[in-house]
Amino acid sequence: MNNSKGQDFFKDVLDVARLTPKGRVTSYGAIAKYLGAPKSSRMVGWAMNKAHQFPDVPAHRVVNRIGLLTGKMHFSPPELMEGRLKGEGITVVNDKIVEFKRYFWDPTDELEL
DNA sequence: TATATGACCATAT
DNA sequence: TATATGGCCATAT
């Protein structure tokens, strides 16, 4: 279980999550794609689960590709996720981000490389 | 060691 | 357009 990788991917995910600008949101697949593993979007979600240990990682800005707050149930209070998003100027209705494409922030497109 | 599950995404029918 | 299935990698049991 101690492979040379794994932690790097994990760390990279958290790094991109921290780079997510305030008032913007990104998706698991976008991060995974930026890391070079578009099929490993699940691992991003797994990393986010562990990211709860890192207060500087805005996991609430990471949602699925349709802007649905699938992971809100993993927050201390599930309402905290959409609550933070609303606090950043993002409208959330029915656990879903309104005009998601408008707030969507793609590291591959913004950071490019 | 093997099986099942997961904060997903894309393709196929 | 909606539903079903495959894939991908790591964790947990």
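Here is the naming used below: chain letters follow the sequence lines, and residue numbers restart at 1 for every chain.
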With sequence neighbours left out, what residues match [X] under salt bridge (charged side-chain N to carboxylate O under 4.0 Å, His left out)?
X        : value
Lys72(A) : Asp95(A)
Arg61(A) : Glu88(A)
Lys96(A) : none

*For DNA chain B, what are the stems built from at least three Watson-Crick or G-U pairs in a row, each pair having both distances below 3.5 Å?*
B:2-6 with C:9-13, B:8-13 with C:2-7

Protein-nucleotide distance ([X], atom [atom1]; [N], atom [atom2]), rounded to Å:
X        : N      : atom1 : atom2 : value
Asn49(A) : dC8(B) : CG    : P     : 11 Å
Phe9(A)  : dC8(B) : CZ    : C1'   : 11 Å
Met43(A) : dT5(B) : CE    : P     : 15 Å
His52(A) : dA7(B) : NE2   : P     : 11 Å
Trp46(A) : dG7(C) : CH2   : C1'   : 19 Å
Leu69(A) : dC8(B) : CG    : P     : 11 Å
Phe10(A) : dG6(B) : CZ    : P     : 20 Å

Rounded at 0.5 Å granularity, tell me how far [atom1] in [X] sits from [atom2] in [Y].
X        : Y         : atom1 : atom2 : result
Glu82(A) : Asn94(A)  : CD    : CG    : 9.0 Å
Thr91(A) : Arg102(A) : OG1   : CZ    : 8.5 Å
Leu14(A) : Phe54(A)  : CG    : CZ    : 5.5 Å
Arg84(A) : Glu79(A)  : CZ    : CD    : 13.0 Å

*Can you run down the side-chain hydrogen bond (donor to acceptor under 3.5 Å, both in side chains) pairs that involve residues 18-27 of chain A, sequence neighbours left out, and say none if there aren't any?*
Arg18(A)-Asp56(A)

_Are Leu85(A) and Met48(A) linked, directly or through intermediate hydrophobic residues, by side-chain heavy-atom contacts shorter than 4.5 Å (ILVMFWY only)?_
no

*Flag yes if Trp105(A) and Val25(A) sit in one hydrophobic cluster, no otherwise; membership is Ile, Leu, Val, Met, Phe, Trp, Tyr, and two members link when side-chain heavy atoms are under 4.5 Å apart.*
no

_Once hydrogens and angles are ignored, does a donor-acceptor distance under 3.5 Å link the base of dA7(B) to the side chain of His60(A)?_
no

_Met81(A) side-chain proximity, nearest of dC8(C), dG6(B), dA7(B)_ = dA7(B)

*Identify, residue by residue, the members of residues 91-105 of chain A with a heavy atom below 4.0 Å from DNA chain B, and return them in order of residue number, or none.*
none

*asked:* Running the 4.5 Å side-chain criterion over Ile, Leu, Val, Met, Phe, Trp and Tyr, what cluster does Val93(A) land in, apart from itself?
replied: Val98(A)

When you compare the protein's N or O atoms with those of nucleotides 1-4 of chain C, which come within less than 3.5 Å of each other, and at what distance?
none

Heteroatom pairs (N/O) under 3.5 angstrom, protein to nucleotides 9-13 of chain B:
| from | atom 1 | to | atom 2 | distance (Å) |
| --- | --- | --- | --- | --- |
| dC9(B) | OP1 | Arg65(A) | N | 2.8 |
| dC9(B) | OP2 | Arg65(A) | N | 3.2 |

_Contact list for residues 29-42 of chain A, test salt bridge (charged side-chain N to carboxylate O under 4.0 Å, His left out), sequence neighbours left out_ = none

*Hey, could you give me each pair passing ring pair (Phe, Tyr, Trp, His ring centres under 6.0 Å) that has a residue in residues 67-100 of chain A? Not counting sequence neighbours.*
His52(A)-Phe75(A), Phe100(A)-Phe104(A)

_side chain to side chain contact (heavy atoms under 4.5 Å, CB included) partners of Pro55(A), counting only residues at least two apart_ = none

*With heavy atoms under 4.0 Å as the rule, sort Ala59(A) into base, sugar-phosphate or nothing.*
base

